Asker: 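The structure that follows is given in the form of structure tokens.
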Amino acid sequence: MFYILWLPKLNDWRCPRLNRVVHNVNTARKFNKFTDVTFVVGPDENTCTIKAHRVVLGTASDELAKLVSGFDRYESIRIQDVSVKGFKNLIRFLYDIDVKFSDLSTVRETHLVAEKFKVFKLKLATENYLMESVKYESILEMLQIAIEFNLPTVKAKCIDIISNKYQDVLKSEELISAPFEVIAAVLSVRPCHGEDCLCQALLAIGKWKKKHETDQTHLVYLLGCVDFTRLKITDFNVFIDENEGLLSSADIGAFRKYILSKEIVDAPKWYRSSEHDLDKKSCNAYTEETEKTDSLEKKFSQDMKRQKLKVKEALDEEISYIDKLMTETVDISLELHKLAVTETVRTISEYFSDILKEAVETAVESFEDDMNSHLEMEGEKSEEKFAVEEKVSINTVTEIASASGIDKLSERECCNAEGNGVVPKCADSAEDYKDIK
């Protein structure tokens, strides 16, 4: 009975521990083993080919299942509207590998990919990363991402940091270059930091309007975020001097009157309506965000349950396939080993059979020669012994005959008498001959 001990080679991609199925599948993807789907990702000038396993992607979300089901395994799936970094992070996440976020642009790209293919757990991973990475140095970019992807928790944390350094944010060039949604969110904070912040807010609005070619509604909304009742008239005049032509003469006069009287009826009509609309919009936006967040959490919980079942089924199928594959591999290895051993035994038997045959023939010949030599030597010794015994016998008979007064017999006569059983003439009877002998 033969036993095969399977040990991985140094360049073997497989892991001997079968309970690490995910590790084995990801390593198989790296070594391009059993991959059955190919993606060509990125714009035409910067594409990247990525291979994966259809079962891993198909069980991750319904969108990915539809995507990989509509193509043959030998066809490439072209995806132009996502970045290479974002799609690679999606693949790493689906294979249970840590997602890499080198910068905030990678976070945005990864979130877009997760949103496109409805991989909600990856979206949650990007949100958690943003929550842990919020800092003042990139606060406006963080705020922009939170607004773009509707992340209320991240947005609230950004606003909290901005309110602590509100005046510095208003003076920054990043705010002037930011899109409308970002500067609107910053101005809607309305912290109680005194009149200097209000002056800086007005100046920031003027600079932003000069840099961005937008319609008047954006300016109206931004001015509606400023509390003119707490603004000094001198600060308002500085704002008007630096932003000539930004407001009409009637609006300038109405604002001056409103700053002095503190009565809202003296403010321009569009400002009064914009302030009311701002509060209404803020309330509606908060309600919509809350409802949308609750809906997403509920949907995410349901999707997670479905995904767990799909992943469990896929893993069971993968484990069954790997067990079957390894069983077939072991059977084939045993059969090949058996054939190799049989062939080796047959070759060795033939080789030693020829050697043994030659050795036996040589031994037989040697034995025959030794026997012949021995027989010859024994024959010579027997003849010599017989001659000596014959001579002794004749001498003895002669001596006895002489002693008995019997005539001397010749050797020939004694030999003939003894050989033929005839009693010699010198003996009267056979008994006498026996006595003589």
Side-chain angles (χ1 to χ4, degrees), residues 13 22-133 138 140-151 154 174 177-179 181-182 296 300 303 307 310-311 314:
W13 58 270
V22 177
H23 174 82
N24 283 342
V25 175
N26 180 60
T27 313
R29 177 184 65 86
K30 292 180 180 179
F31 285 87
N32 196 20
K33 299 289 185 180
F34 312 115
T35 54
D36 52 4
V37 60
T38 303
F39 297 96
V40 180
V41 185
D44 294 333
E45 62 275 7
N46 185 25
T47 61
C48 179
T49 301
I50 301 173
K51 294 188 176 184
H53 298 91
R54 197 183 301 266
V55 65
V56 176
L57 275 70
T59 55
S61 71
D62 294 337
E63 295 295 325
L64 287 172
K66 294 177 183 177
L67 179 64
V68 299
S69 299
F71 289 85
D72 187 76
R73 64 176 299 175
Y74 299 105
E75 297 180 14
S76 297
I77 301 176
R78 186 73 175 92
I79 305 177
Q80 292 181 317
D81 56 346
V82 299
S83 68
V84 176
K85 288 182 179 180
F87 195 80
K88 282 185 176 180
N89 272 342
L90 171 65
I91 296 296
R92 291 177 61 86
F93 182 80
L94 296 182
Y95 281 86
D96 199 25
I97 307 299
D98 293 337
V99 180
K100 296 180 179 179
F101 295 124
S102 56
D103 48 32
L104 290 179
S105 63
T106 306
V107 179
R108 177 186 281 108
E109 293 165 358
T110 304
H111 193 94
L112 287 172
V113 173
E115 180 70 27
K116 177 180 176 64
F117 296 113
K118 301 296 184 292
V119 184
F120 297 106
K121 197 171 182 180
L122 180 57
K123 287 178 59 179
L124 184 61
T126 59
E127 293 179 22
N128 292 336
Y129 176 83
L130 289 173
M131 282 293 294
E132 295 174 0
S133 305
S138 56
L140 294 180
E141 188 177 1
M142 286 277 192
L143 179 60
Q144 182 178 347
I145 294 175
I147 295 173
E148 181 181 355
F149 297 131
N150 190 24
L151 308 176
V154 179
E174 289 80 4
S177 303
E181 293 77 11
V182 174
L296 285 174
F300 175 75
D303 289 339
Q307 293 301 325
K310 289 182 179 180
V311 169

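In this chain, numbering begins with 1 at the start of the sequence shown. On a predicted model such as this, the values are computed, not experimentally measured, just so you know.
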Asker: What class does the angle between the rings of F117 and F87 fall in, given that below 30° is parallel, 30 to 60° is tilted and above 60° is perpendicular?
Answerer: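 Perpendicular.
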Asker: Can you tell me how far CD of Q144 sits from OG of S138, rounded to the nearest 0.5 angstrom?
Answerer: 11.5 Å
Asker: In Å and rounded to the nearest 0.5 Å, what is the CZ to CD distance from F101 to E109?
Answerer: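 So the CZ of F101 and the CD of E109 are separated by 11.0 Å.
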Asker: Are the side chain of S83 and the backbone of G86 linked by a donor-acceptor contact shorter than 3.5 Å?
Answerer: yes
Asker: For the atom pair CD (E115) and CG (N150), what is the distance rounded to the nearest 0.5 Å?
Answerer: 9.5 Å
Asker: Would you compute the distance between atom OG1 of T38 and atom CZ of R78 and round it to the nearest 0.5 angstrom?
Answerer: 13.5 Å
Asker: With L57, which of V119, V68, L90 fulfils side-chain contact (heavy atoms from CB on, under 4.5 Å)?
Answerer: V68
Asker: So which of I50, V40, L67 actually passes side-chain contact (heavy atoms from CB on, under 4.5 Å) with I77?
Answerer: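 Option passing the side-chain contact (heavy atoms from CB on, under 4.5 Å) with I77: L67.
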Asker: Would M142 and S133 count as a side-chain contact (heavy atoms from CB on, under 4.5 Å) here? Give the steps.
Answerer: CA-CA 9 Å; M142 286 277 192; S133 305; 3.6 Å; yes
Asker: Begin from the C-alpha positions of S105 and K85 and carry the test side-chain contact (heavy atoms from CB on, under 4.5 Å) through to its verdict.
Answerer: CA-CA 10 Å; S105 63; K85 288 182 179 180; 5.5 Å; no
Asker: Do the charged groups of D36 and K51 touch, with an N to O distance under 4.0 Å?
Answerer: no
Asker: Measure the NZ-NZ distance between K118 and K66 for me, rounded to the nearest 0.5 Å.
Answerer: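 The distance works out to 9.5 Å.
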Asker: Check the pair H111 / E127 against side-chain contact (heavy atoms from CB on, under 4.5 Å), numbers first and verdict last.
Answerer: CA-CA 9 Å; H111 193 94; E127 293 179 22; 4.3 Å; yes
Asker: Judged by atom type as modelled, is there a donor-acceptor pair below 3.5 Å linking the side chain of R92 to the main-chain atoms of V99?
Answerer: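 Here the side-chain-to-backbone pair does not exist.
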Asker: Hey, what do you get for OG1 (T126) to CE (M131), rounding to the nearest 0.5 Å?
Answerer: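 If we round to the nearest 0.5 Å, T126:OG1 and M131:CE are 12.5 Å apart.
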